[in-house]
Protein chains: 2
Amino acid sequence: MTIVTIKDVAKAAGVSQATVSKVLTGNSPEYRVSRDTVERVRKAADELGYVPNVSAQNLRSKRSGLIGVVLNEFDSSGRSMHLKLNSQLDSIQTIHLTFDGSLLSGLTEAARIHNTAFVVYPESTHPSEDIGSRFLDGRVEGLILRTNPTTQHPLLTRLDPRRIKMMALWTQDVPPGVGYADIDHKSGAAQATEHLLSLGHQKIAFFGPGEHSGNAHFSLRHQGYRAALQKAGLTPDPELHTEDPQKVIGLFRAGKLTAVVGATDLQTIMLHGDLVQAGIRVPEDLSLVGFDNILGAEFIAGGLTTVHHPTQEMAAAAMNGLMALIRGETVSKCRTIVPTHMVIRNTTRKLG
Amino acid sequence: MTIVTIKDVAKAAGVSQATVSKVLTGNSPEYRVSRDTVERVRKAADELGYVPNVSAQNLRSKRSGLIGVVLNEFDSSGRSMHLKLNSQLDSIQTIHLTFDGSLLSGLTEAARIHNTAFVVYPESTHPSEDIGSRFLDGRVEGLILRTNPTTQHPLLTRLDPRRIKMMALWTQDVPPGVGYADIDHKSGAAQATEHLLSLGHQKIAFFGPGEHSGNAHFSLRHQGYRAALQKAGLTPDPELHTEDPQKVIGLFRAGKLTAVVGATDLQTIMLHGDLVQAGIRVPEDLSLVGFDNILGAEFIAGGLTTVHHPTQEMAAAAMNGLMALIRGETVSKCRTIVPTHMVIRNTTRKLG
DNA sequence: CTGTTAGCGCGTTCAA
DNA sequence: TTGAACGCGCTAACAG
């Protein structure tokens with residue numbers, strides 16, 4: 001199985017390499033080729049099963065037409081997620097995995113549209129010294145970096161935006177010259193809160209990590225919750241922000257609470273379990289809104305009302321942004337915050 | 001930002017290109033270089049920020065060290081199950097997306113271990129004429145093809161295994177010369193059935209698409225269910241295989257049924273909803289086992305007992321297999337069926 | 001209309 | 001121990 005080169009085709013067609021190239025690339029409209037030779041070359045190429053060598057093309061053109069995706073490891077507060085064979089995955093891990101999956105699916109869809117492929121670089125959090133240099137080897141023309149909400153992606157600052165185009169994914173905190181795509185955490189939480197307000201709720205708690213959690217997303221969600229309350233003329237009560245399910249139960253029993261906005265679906269579900277166990281009915285006694293719309297949410301708690309996290313759209317936006325960046329668009333045009341939307345199911349209801 | 005080549009480094013270090021190459025690649029142990037020049041070259045390369053051009057290296061070496069992953073579109077038409085439960089969300093779609101996600105996450109993990117990257121090719125189901133030729137362009141040395149359970153991946157037969165190494169993912173039906181990685185659908189369903197048998201159940205139904213569904217996975221699961229029954233000395237009753245929830249309810253009321261093995265979690269969940277609506281309690285009246293262990297399964301139906309679908313391990317096996325294939329291992333060593341395991345939660349209980 | 005020529009950046013051979 | 005020369009496969013400029 002020896003490789004077929006342009007030379008072989010040239011010989012078979014009885015023409016020069018250059019002619020073959022002209023015919024096959026279809027470029028160089030200035031240099032016209034006779035119908036007859038075109039025919040012959042095409043036929044020869046076909047019969048020999050000729051496929052242009054992409055490395056040679058790239059070397060020549062200095063362009064690869066490929067983009068790279070770097071998935072930094074999730075930092076689950078110390079626990080790194082390595083493949084645990086034969087062990088039951090815990091939900092957090094599963095969510096991270098399926099999250100990356102949704103991302104990659106979104107990227108795949110976008111790549112399909114742009115008619116391109118992308119390279120996935122698994123990046124460890126324990127990078128070697130020369131971290132980053134591999135991305136300047138000409139294999140890819142641009143990079144999408146999936147950040148971790150608790151830490152900025154190291155490559156974001158270590159790589160020079162002038163040498164390689166970069167888009168950060170899932171963050172809005174980037175150095176100059178770098179684009180980003182994120183979802184609108186803040187207004188998502190505001191939507192959740194407004195939904196509850198529109199149902200007549202006023203005593204609304206925020207459950208889960210918030211402003212000082214060290215996680216930009218949760219911080220934004222918490223902000224959105226408070227902003228919505230303020231917009232409605234209410235003053236957010238710090239006491240109504242907690243990460244402790246028992247405290248929620250206590251507050252409810254004290255009549256200080258009729259609804260809860262959860263920082264994430266998973267936390268909300270866990271809270272729901274505790275509530276049920278405590279004999280508190282959802283939504284009869286208490287309304288509950290989650291955030292993320294994870295897989296299975298429609299079956300959870302009889303149908304969890306939640307804010308949809310448009311993961312794929314976000315990924316597609318990153319891909320589109322990177323393409324634009326490579327085309328020479330200005331960075332400011334390559335920063336997208338994808339809007340969320342409510343998915344209203346059965347854990348919220350009108351007050352009273 | 002002009003590109004730094006080996007020539008620049010050579011000039012800066014006051015040596016020839018060849019020497020730089022020798023120093024930096026570390027190959028050619030036969031041609032020793034003095035400590036002093038090594039030092040000088042390293043320093044120059046470092047200062048200039050030299051990164052070898054991978055296209056040139058590939059062209060020279062005829063190896064890319066990259067592998068490709070082709071995700072065929074899921075065939076969401078025809079006999080595939082179409083359950084749009086909620087206008088908001090097409091669950092099947094979501095499952096497919098997160099499935100691909102888990103796959104890609106598994107591949108990412110494996111790639112991390114092998115210290116390699118991979119190219120994702122989004123392949124449409126409406127391929128152009130020259131489909132496949134792009135994979136022979138020297139960009140990748142091997143291919144992982146994610147198949148669709150209802151149809152064989154077209155590239156599997158269209159590409160020559162001698163020209164490019166191939167691993168099929170999520171199937172066991174491959175042409176000669178091609179490896180595969182799949183999960184053990186058959187023994188997974190057998191495990192589910194045996195679990196119910198061990199709880200004293202004897203009247204066990206199989207719910208969902210089975211043997212003649214045109215889907216190899218469901219067919220295998222159905223087979224596993226029957227094999228387990230037979231192994232226990234029971235004769236599978238064809239009447240106890242149905243895709244109709246109402247029929248299950250009827251059979252239960254007629255006393256012909258105490259437990260159900262579902263073809264998938266999603267179908268099982270839907271059945272669960274219908275059962276609850278009909279006033280049948282799970283697991284008090286009827287035991288239920290799903291298959292897949294989808295995200296959120298632990299919160300569904302009070303905790304769905306199910307068979308875990310080891311997606312990531314399967315993906316990792318595919319990556320390992322492809323690496324082995326590229327190393328020159330025989331194909332027979334590159335065919336893996338990853339075992340499943342039961343995840344016992346709260347939808348099954350002892351009979352009586 | 002077609003062929004010749006000259007590199008793209010690199011690694012390897014061979015000669016010094 | 002080092003360097004000059006060659007060619008991987010391709011495309012673009014120029015010459016015919």
Side-chain angles (χ1 to χ4, degrees), chain A residues 1-42 44-45 48-65 133-134 136-139 141 163, chain B residues 1-42 44-45 48-65 133-134 136-139 141 163:
Chain A
M1 269 304 160
T2 166
I3 180 169
V4 180
T5 77
I6 202 172
K7 220 172 199 164
D8 302 320
V9 178
K11 202 178 294 174
V15 297
S16 74
Q17 302 178 34
T19 305
V20 175
S21 178
K22 278 169 203 156
V23 171
L24 263 24
T25 61
N27 301 342
S28 335
E30 37 188 330
Y31 301 110
R32 295 180 31 93
V33 182
S34 75
R35 288 194 79 65
D36 187 54
T37 22
V38 168
E39 203 72 20
R40 275 217 316 292
V41 169
R42 285 253 161 75
L48 293 173
Y50 170 70
V51 181
N53 181 300
V54 81
S55 293
Q57 288 181 317
N58 293 347
L59 180 58
R60 190 63 235 266
S61 65
K62 295 179 178 306
R63 303 191 7 89
S64 73
S133 59
R134 65 188 299 202
L136 303 174
D137 63 9
R139 181 169 277 165
E141 292 181 37
R163 292 190 72 170
Chain B
M1 269 303 160
T2 166
I3 180 167
V4 179
T5 76
I6 203 172
K7 221 172 197 164
D8 303 321
V9 178
K11 201 179 295 173
V15 297
S16 74
Q17 303 175 34
T19 305
V20 175
S21 178
K22 280 169 200 159
V23 171
L24 262 25
T25 61
N27 301 341
S28 339
E30 39 188 328
Y31 301 109
R32 293 176 36 92
V33 183
S34 75
R35 285 197 82 64
D36 186 52
T37 26
V38 168
E39 203 73 21
R40 277 216 317 291
V41 169
R42 284 254 161 74
L48 293 173
Y50 169 70
V51 181
N53 181 300
V54 81
S55 294
Q57 287 181 317
N58 293 346
L59 179 59
R60 188 70 175 76
S61 66
K62 296 178 178 303
R63 303 189 10 87
S64 73
S133 59
R134 66 189 297 203
L136 303 175
D137 63 9
R139 182 170 275 164
E141 292 181 36
R163 292 190 72 170

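Quick note on labels: first sequence line is chain A, next is B, and so on, each numbered from 1.
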Requested in this report: Please list, by residue number, the residues of residues 50-60 of chain B whose heavy atoms come closer than 4.0 Å to an atom of DNA chain D; answer none if no residue qualifies.
Outcome: Leu59(B), Arg60(B)

Requested in this report: By nearest nucleotide on DNA chain D, pick out whichever of Ser16(B) and Lys62(B) is the more 5' one.
Outcome: Ser16(B)

Query - Separation of dC10(C) C1' from Lys22(B) NZ (nearest whole Å) - result: 13 Å

Requested in this report: For Thr37(A), report the nucleic acid contact type (base, sugar-phosphate, nothing); a contact means any heavy atom under 4.0 Å.
Outcome: sugar-phosphate

Requested in this report: Please list, chain by chain and in numerical order, all residues satisfying side chain to side chain contact (heavy atoms under 4.5 Å, CB included) with Lys11(A), sequence neighbours excluded.
Outcome: none

Query raised in the report: What is the minimum heavy-atom distance between Tyr50(A) and Leu24(A), and which atoms define it?
Result: CE2-CD2, 3.5 Å

Query raised in the report: Between Ser61(B) and dG11(C), is there a side-chain N or O to OP1/OP2 distance below 4.0 Å?
Result: no

Report task. Grab the CG-P distance between Leu48(B) and dG9(C) for me, whole Å please. Result -> 14 Å

Report summary line: Taken in chain and number order and not counting sequence neighbours, the residues that satisfy side-chain hydrogen bond (donor to acceptor under 3.5 Å, both in side chains) with Ser64(A) are none

Query raised in the report: Roughly how many Å is it from CD in Glu39(B) to P in dT2(D), rounded to a whole number?
Result: 13 Å

Query raised in the report: What is the bend of the helix from dC1(C)-dG16(D) to dA16(C)-dT1(D) when you compare the axis at one end with the axis at the other, using five pairs each and rounding to 10°?
Result: 50°

Query raised in the report: Excluding sequence neighbours, so at least two apart, what forms salt bridge (charged side-chain N to carboxylate O under 4.0 Å, His left out) with Arg63(A)?
Result: Glu141(A)

Query raised in the report: In whole angstrom, what separates Arg40(B)'s CZ from dT1(D)'s C1'?
Result: 12 Å

Query raised in the report: Within this structure, what is the NZ-to-P distance between Lys11(A) and dG9(D), rounded to whole angstrom?
Result: 12 Å

Query raised in the report: Sequence neighbours excluded, which residues qualify as side-chain hydrogen bond (donor to acceptor under 3.5 Å, both in side chains) partners of Ser16(B)?
Result: Thr19(B)

Query - Set of side chain to side chain contact (heavy atoms under 4.5 Å, CB included) partners for Ser55(B), sequence neighbours left out - result: Asn58(A), Leu59(A), Asn53(B)

Query raised in the report: Want to settle it: does Val4(A) or Gln17(B) sit nearer the 5' end of DNA chain D, counting the closest nucleotide to each?
Result: Gln17(B)

Query - Partners meeting side chain to side chain contact (heavy atoms under 4.5 Å, CB included) with Lys62(A) (sequence neighbours left out) - result: Ile3(B)

Report task. Just jot down the salt bridge (charged side-chain N to carboxylate O under 4.0 Å, His left out) partners of Arg40(A), sequence neighbours excluded, or say none. Result -> Asp36(A)

Report task. Grab the CG-P distance between Leu24(A) and dA12(D) for me, whole Å please. Result -> 13 Å

Report task. Keeping the roles fixed (side chain from Ser21(B), backbone from Gln17(B)), state whether a donor-acceptor pair exists under 3.5 Å. Result -> no

Query raised in the report: Ile6(B) has an atom CD1; how far is it from atom C1' of dG11(C), in whole Å?
Result: 8 Å

**Report entry** Side-chain N or O of Ser34(A) closer than 4.0 Å to phosphate OP1/OP2 of dT2(C)
**Finding:** yes

Query raised in the report: OP1 or OP2 of dA12(D) less than 4.0 angstrom from a side-chain nitrogen or oxygen of Ser21(A), does that happen here?
Result: no

Query raised in the report: Between dG9(C), dT12(C), dG3(C), which nucleotide gets closest to the side-chain atoms of Ala18(B)?
Result: dT12(C)

